[in-house]
Amino acid sequence: MSKKEKQFVEEITPMEVDFPQWYTDVITKTDLVDYSPVKGFMVIKPYGYAIWENIQQYMDGRFKETGHKNCYFPLLIPESLLKKEAEHVEGFAPEVAWVTHGGQEELAERLCIRPTSETIICEMYSKWLKSYRDLPFLYNQWCSVVRWEKSTRPFLRTSEFLWQEGHTLHETYDEAQEETIQMLNIYKETAEELLAMPVVVGRKSEKEKFAGAHATYTMEALMHDGKALQAGTSHNLAQHFTTAFDITFLDRDGELKHPYHTSWGVSTRLIGGIIMVHGDNRGLVFPPGVAPVQVVIVPIAAHKGGVIEKADEIFSQLKESFRVEVDDRENYSPGWKFNEWEMKGVPIRIEIGPKDIEKQQAVLFRRDTLEKEVVPLEEVKEKVQGLLKDIHNNLLLKAKNMRDEKTYYIKSFDEMKEIMEKRPGFVKAMWCEERECEDKIKAETAASVRCIPFEQENLGDTCPFCGKEAKVMAYFAKAY
């Protein structure tokens, strides 16, 4: 490999040296995003958007399997609607972007660019719902929202981001609760079955729950640098919004009642999670399910007779089953192409040259382990199928092992402080559930309560942070 080719990968800052810079290098040098003229807003380039399309396609199918239908609600929300639920508006007020003029004319009422859509959706639901026979409302929308963030990083926290937000109405509290947990489970399955990203699921603390929610449930993933990422949330909103917006229906006894309400969402933040869970110092490492390109074919000595033709033949065999490309660009050496596709995280690379054609074989390289294997040409398609499954399972196992290595049990506040300062990760500890204690933990360690997991462990009777009686076991971590 030439000096120039070696330099190609060395342009990525090692994650052990500067993790934020490693992240920035990876997302920009692999052509996922670019920075827009407006601070905090990102341009998602085709290679990056393809990841979102794959996530969207998978999840949209799961939503429809469970009876949900897609719709669309307006981008702009009148200020009067936002103020109808006091706790909600207080939670979002610092992040709201306002439209005050239409052309040269000042508007009679300010319009906010949606930070989330509960208010506009509830306004419409109040018009649509009449009877218990109309329930449940199982609606979802794919859209973007704007939250005016002070500190931004592409995919992880931007002033505008893409997401889906489901909003459902139910006749009873139990039905709403069942919906809330069902959608959280779909998120968890998506994370593990599509993204190869292990998550912890549970309930948010009162402080960390969604503004206006009765209860918020979350899935939390651990990144390479030991920080947690809230990867998706599901909220049981009970009757808070349906009361505020006067959403009513005639029940089975002929009485007027408020329905029970849920909302749930995941966003392009998942892409940041994929990068920070699976990436390495060579760049991206994609789980096959979301990889924009699952297989790249690189011809060796492409100028020699029959090489391009054989590469195209392999492409034709694979294209119906996989997302595959042939890199037949001229003026780039095979070594340069190898480096580029490794950096872009393509799960499998197929190398084919004159000597391979003579032997009726191809060389398969897998990005997760950096291993090569010689495969007979007639077995390439079957081998690719098996390798993609194996790569997913290996990435999930590696991510679980990484998370386990960075998960700690603590019995004292001093232990917690030492971990958060020197080797951050998940900390599992008993907790009193009191706000004063939670605030103290955040102030002294920068860690927050990530979730109170459904799977509880009894680690003792006392809260190690304040000495009071412990009520639950919780996960704590610094977070994005």
Side-chain angles (χ1 to χ4, degrees), residues 15 19 22-23 26 51-52 54-55 58-59 62 155-156 181-204 208 216-234 264-280 284-291 345 347 366-369 388-410 419 423-429 447-457 459 473-480:
M15 62 172 68
F19 193 81
W22 168 84
Y23 181 84
V26 167
I51 307 166
W52 182 239
N54 293 331
I55 293 171
Y58 179 90
M59 299 195 75
R62 294 300 307 273
F155 295 123
L156 298 176
I181 300 303
Q182 173 187 247
M183 302 320 292
L184 183 70
N185 286 335
I186 287 176
Y187 289 163
K188 181 178 186 290
E189 290 163 10
T190 300
E192 297 184 350
E193 295 174 12
L194 184 72
L195 314 182
M197 185 165 69
V199 292
V200 176
V201 292
R203 172 174 58 86
K204 283 288 190 185
E208 295 288 334
T216 288
Y217 302 89
T218 183
M219 65 175 184
E220 302 284 327
L222 194 67
M223 306 296 104
H224 264 305
D225 63 346
K227 286 186 179 180
L229 184 77
Q230 179 180 288
T233 50
S234 183
W264 28 273
V266 298
S267 74
T268 38
R269 169 174 270 222
L270 287 175
I271 298 174
I274 296 166
I275 296 165
M276 294 194 295
V277 167
H278 300 302
D280 62 20
L284 298 168
V285 180
F286 279 126
V290 291
R366 51 187 289 178
R367 176 64 178 85
D368 60 328
T369 62
L388 291 176
K389 291 180 181 177
D390 191 53
I391 289 169
H392 174 92
N393 292 336
N394 182 50
L395 289 176
L396 181 59
L397 179 62
K398 285 174 68 175
K400 284 180 176 177
N401 290 340
M402 181 269 289
R403 181 187 67 184
D404 291 347
E405 289 170 5
K406 295 180 179 180
T407 298
Y408 312 97
Y409 294 82
I410 61 110
I419 287 168
R423 46 193 171 101
F426 276 144
V427 165
K428 298 168 78 169
S448 56
V449 179
R450 300 319 304 157
C451 76
I452 300 160
F454 295 136
E455 295 182 5
Q456 284 285 297
E457 299 175 52
L459 307 178
M473 187 273 284
Y475 278 79
F476 300 81
K478 294 180 180 179
Y480 283 96

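This is a predicted model, so every value here is computed, not measured.
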Chemist: How far does CD of E192 sit from CG of L396, to the nearest 0.5 angstrom?
Modeler: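 Rounded to the nearest 0.5 Å, the CD-CG separation comes to 6.0 Å.
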Chemist: Closer than 3.5 angstrom, by distance alone: can the side chain of H278 be matched with the main-chain N or O of L195 as a donor-acceptor pair?
Modeler: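 A pair under 3.5 Å: yes.
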Chemist: A228 and F426: which non-hydrogen atoms are nearest, and at how many Å?
Modeler: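 Taking A228 first and F426 second, the nearest heavy atoms are CB-CE2, 3.8 Å.
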Chemist: Could you measure the distance from the CZ atom of F286 to the CD1 atom of I274? Nearest 0.5 Å is fine.
Modeler: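 CD1 of I274 is found 7.0 Å from CZ of F286.
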Chemist: Checking side-chain contact (heavy atoms from CB on, under 4.5 Å) for the pair M223/Y480: CA distance, chi angles, key distance, verdict?
Modeler: CA-CA 9 Å; M223 306 296 104; Y480 283 96; 4.0 Å; yes
Chemist: Any donor-acceptor pair under 3.5 Å linking the side chain of W264 with the backbone of I181?
Modeler: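 Between the backbone of I181 and the side chain of W264 there is no qualifying donor-acceptor contact (under 3.5 Å).
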Chemist: Closest approach of A399 and V277, non-hydrogen atoms and distance?
Modeler: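 So the two residues come closest at CB-CG1, 3.7 Å.
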Chemist: Please determine whether a side-chain nitrogen of the Lys or Arg among R366 and D390 lies less than 4.0 Å from a carboxylate oxygen of the Asp or Glu.
Modeler: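 Yes.
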Chemist: For V266 and M59, which heavy atoms make the closest approach, and how far apart are they?
Modeler: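 Here V266 and M59 meet closest at CG2-SD, 3.6 Å.
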Chemist: Rounded to the nearest 0.5 Å, how far does CD of E220 lie from NZ of K204?
Modeler: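 Here the interatomic distance stands at 4.0 Å.
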Chemist: If you apply the rule side-chain contact (heavy atoms from CB on, under 4.5 Å), what do you find for E457 with Y409, and how did you get there?
Modeler: CA-CA 11 Å; E457 299 175 52; Y409 294 82; 3.2 Å; yes
Chemist: How long is the span from the OG1 atom in T407 to the CD1 atom in I419, to the nearest 0.5 Å?
Modeler: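 Nearest 0.5 Å value for the OG1-CD1 distance: 10.0 Å.
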Chemist: When rounded to the nearest 0.5 angstrom, what distance separates CG in L397 from CG in D368?
Modeler: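 Output value for this atom pair is 11.0 Å.
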Chemist: Checking Q230 against M219 for the side-chain contact (heavy atoms from CB on, under 4.5 Å) test, could you report, in this order, the C-alpha distance in whole Å, the side-chain angles of both residues, the deciding distance, and whether it holds?
Modeler: CA-CA 6 Å; Q230 179 180 288; M219 65 175 184; over 6 Å; no
Chemist: Do you know the tightest heavy-atom contact between A231 and L270?
Modeler: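 Heavy atoms only, the tightest pair is O-CD2, 3.4 Å.
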Chemist: Quick one: does P453's side chain get under 4.5 Å of M473's, heavy atoms only?
Modeler: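 A side-chain contact under 4.5 Å exists here.
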Chemist: Does the side chain of L156 come within less than 4.5 Å of Y23's, by heavy atoms?
Modeler: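 Side-chain contact under 4.5 Å: yes.
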Chemist: Please check this pair: side chain of Y187 against backbone of G265, looking for a donor-acceptor N/O pair closer than 3.5 Å.
Modeler: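 Side chain of Y187 to backbone of G265: a pair is present.
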Chemist: Quick one: does any side-chain atom of R269 pair with a main-chain N or O of F155 as donor and acceptor, under 3.5 Å?
Modeler: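 The answer is no, because no donor-acceptor pair under 3.5 Å joins these two groups.
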Chemist: Identify which one of R403, R450, E455 satisfies the side-chain contact (heavy atoms from CB on, under 4.5 Å) criterion when paired with V200.
Modeler: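 Checked R403, R450, E455 against V200; only one passes side-chain contact (heavy atoms from CB on, under 4.5 Å): R403.
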Chemist: Decide side-chain contact (heavy atoms from CB on, under 4.5 Å) for V26 and M15; before the verdict, give the C-alpha distance in whole Å, the side-chain angles of both, and the deciding distance to 0.1 Å.
Modeler: CA-CA 10 Å; V26 167; M15 62 172 68; over 6 Å; no
Chemist: Within the structure provided, determine whether V201 and N185 are in side-chain contact (heavy-atom separation under 4.5 Å).
Modeler: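 No, side chains not in contact.
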Chemist: Could you report the tightest heavy-atom contact between S448 and E208, atom names first, then the distance?
Modeler: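 Residues S448 and E208, closest heavy atoms: CB-OE2, 3.9 Å.
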Chemist: Which heavy atom in Y58 sits nearest to a heavy atom in E189, and how many Å separate them?
Modeler: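 Closest approach of Y58 to E189: OH-O, 4.4 Å.
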Chemist: Do the ring planes of F454 and Y217 sit parallel (below 30°), tilted (30 to 60°) or perpendicular (above 60°)?
Modeler: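 It falls in the tilted class, 30° to 60°.
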Chemist: Measuring from atom CG of L194 to atom CZ of R62, what distance do you get when rounded to the nearest 0.5 angstrom?
Modeler: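 These two atoms lie 10.5 Å from each other.
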Chemist: Are E405 and R423 ion-paired here, with the side-chain N under 4.0 Å from a carboxylate O?
Modeler: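 Between R423 and E405 there is no salt bridge, as every charged N stays at least 4.0 Å from the carboxylate O atoms.
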